[in-house]
Amino acid sequence: IAAVENCFGASGQPLAVPGRVLLGEGILTKECRKKPKPRIFFLFNDILVYGSIVINKRKYNSQHIIPLEDVTLETLPDTLQMKNRWMIKTSKKSFVVSAASLTERKEWISHLEECIGHLLTKTGRQPSTEHAAPWIPDKATDICMRCTQTKFSTLTRRHHCRKCGFVVCADCSRQRFLMPRLSPKPLRVCNLCYRQLL
């Protein structure tokens with residue numbers, strides 16, 4: 001655990017707490033807004049930690065810590081670009097990752113599910129049912145997914161609705177809505193989600 005902390009340096013949070021055990025680590029490809037990127041993942045018995053790779057095995061940054069009792073997993077079909085995919089869903093953020101092989105995906109999912117199961121049994125909590133929408137990657141569409149009229153360009157920016165994750169134009173996402181689960185500030189939502197939330 002100390003070695004993981006050292007790799008994240010001052011930018012990371014302390015990870016050593018009594019009873020916490022490091023169970024595994026590996027590089028997974030995370031589907032990001034612009035393009036898929038390799039990320040280092042560390043599985044502990046109670047949290048999943050991931051970050052950007054600066055120098056493999058030596059330096060990482062952009063640390064994210066996900067409490068495992070908030071995690072639900074969903075296996076996804078392969079796409080042309082990405083194989084061995086699954087979704088990590090939490091109340092604050094949901095995203096898609098892919099492993100280098102089918103075996104590796106099976107191992108990650110089974111270890112994650114085992115840890116989640118142990119935690120839920122220990123705390124008596126029910127599995128999480130409310131999840132943040134995964135963001136659809138920018139490259140997935142050239143036009144607004146709501147009005148289907150606006151074409152994106154260098155001048156016409158893409159935005160993401162924080163409720164459904166759709167890629168939308170500015171006109172279709174003028175509203176803000178307070179979703180305390182995601183942020184203390186009102187977040188950008190598309191017009192359709194805004195009406196549903198109201």
Side-chain angles (χ1 to χ4, degrees), residues 1-33 35-76 82-135 137 162 165 179-185 187:
I1 293 176
V4 176
E5 283 184 350
N6 283 341
C7 287
F8 279 105
S11 70
Q13 292 179 39
L15 299 169
V17 298
R20 180 170 289 163
V21 183
L22 176 62
L23 300 173
E25 67 177 86
I27 294 174
L28 297 171
T29 302
K30 180 176 176 288
E31 285 185 17
C32 301
R33 260 190 86 163
K35 62 178 192 204
K37 294 175 184 163
R39 293 285 183 256
I40 184 77
F41 280 79
F42 297 96
L43 176 61
F44 295 87
N45 56 337
D46 61 335
I47 57 172
L48 181 65
V49 176
Y50 73 93
S52 302
I53 302 163
V54 182
I55 305 165
N56 196 22
K57 304 270 184 211
R58 302 250 309 274
K59 186 165 172 47
Y60 308 120
N61 63 17
S62 306
Q63 184 191 67
H64 296 267
I65 300 175
I66 302 170
L68 285 180
E69 65 230 24
D70 190 32
V71 171
T72 312
L73 306 173
E74 183 186 333
T75 309
L76 299 172
M82 308 266 287
K83 306 224 177 307
N84 315 309
R85 302 160 70 231
W86 75 97
M87 192 183 302
I88 295 173
K89 300 194 281 192
T90 79
S91 59
K92 289 198 180 325
K93 184 181 185 147
S94 298
F95 55 93
V96 176
V97 291
S98 68
S101 68
L102 194 57
T103 312
E104 196 183 321
R105 175 175 81 172
K106 279 187 185 146
E107 285 177 1
W108 268 104
I109 290 177
S110 84
H111 289 311
L112 279 160
E113 284 178 339
E114 197 179 326
C115 293
I116 294 163
H118 279 306
L119 274 176
L120 293 176
T121 307
K122 206 166 84 180
T123 59
R125 278 183 53 180
Q126 288 302 306
S128 197
T129 52
E130 269 199 55
H131 306 112
W135 283 20
R162 303 307 194 268
M179 293 182 273
R181 213 166 27 87
L182 300 180
S183 165
K185 297 192 298 246
L187 300 171

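Heavy atoms only: backbone and side chains are in, while hydrogens, waters and symmetry mates are out.
The side chain to side chain donor-acceptor pair (under 3.5 Å) search around T29 returns none, not counting sequence neighbours.
Contacts classified as salt bridge (Lys or Arg N to Asp or Glu O under 4.0 Å) and involving residues 120-129 (residues at least two apart or in different chains) are given here: E69-R125.
The two atoms that bring K93 and A132 nearest to each other are N-CB, 3.5 Å, heavy atoms only. What you find for F44 and C115 is that their closest heavy atoms are O-SG, 4.1 Å. Nearest approach of R20 to I1, heavy atoms of both residues: O-CD1, 3.4 Å.
Taking the side chain as every heavy atom from C-beta outward, T72 and H131 approach each other to under 4.5 Å. Put simply, the side chain of L15 reaches to within 4.5 Å of the side chain of I47, judged on heavy atoms. By the 4.5 Å heavy-atom criterion applied to side chains, F41 and V97 are counted as neighbours.
No side-chain donor-acceptor contact under 3.5 Å links E130 to the backbone of S91. Proximity of a side-chain donor or acceptor of S94 to a complementary backbone N or O of A133 within less than 3.5 Å is not detected. Using a distance-only test at 3.5 Å, with no hydrogens or angles considered, no donor-acceptor pair links the side chain of D70 to the main chain of T90. Side chain of D46 to main chain of G19: no donor-acceptor pair is present (N/O by atom type, distance under 3.5 Å, no hydrogens or angles). E74 places no side-chain N or O within donor-acceptor distance of the main-chain N or O of K89, the cut-off being under 3.5 Å.
Test K106, E104, R105 against N84 for side chain to side chain contact (heavy atoms under 4.5 Å, CB included) and you get one pass: R105.
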For residues 57-68, run the donor-acceptor check on the side chains, cut-off 3.5 Å, and write out each pair with its distance to 0.1 Å, sequence neighbours left out.
from: Y60; atom 1: OH; to: N56; atom 2: OD1; distance (Å): 3.3
from: Y60; atom 1: OH; to: K57; atom 2: N; distance (Å): 2.9
from: Q63; atom 1: OE1; to: Q13; atom 2: N; distance (Å): 2.6

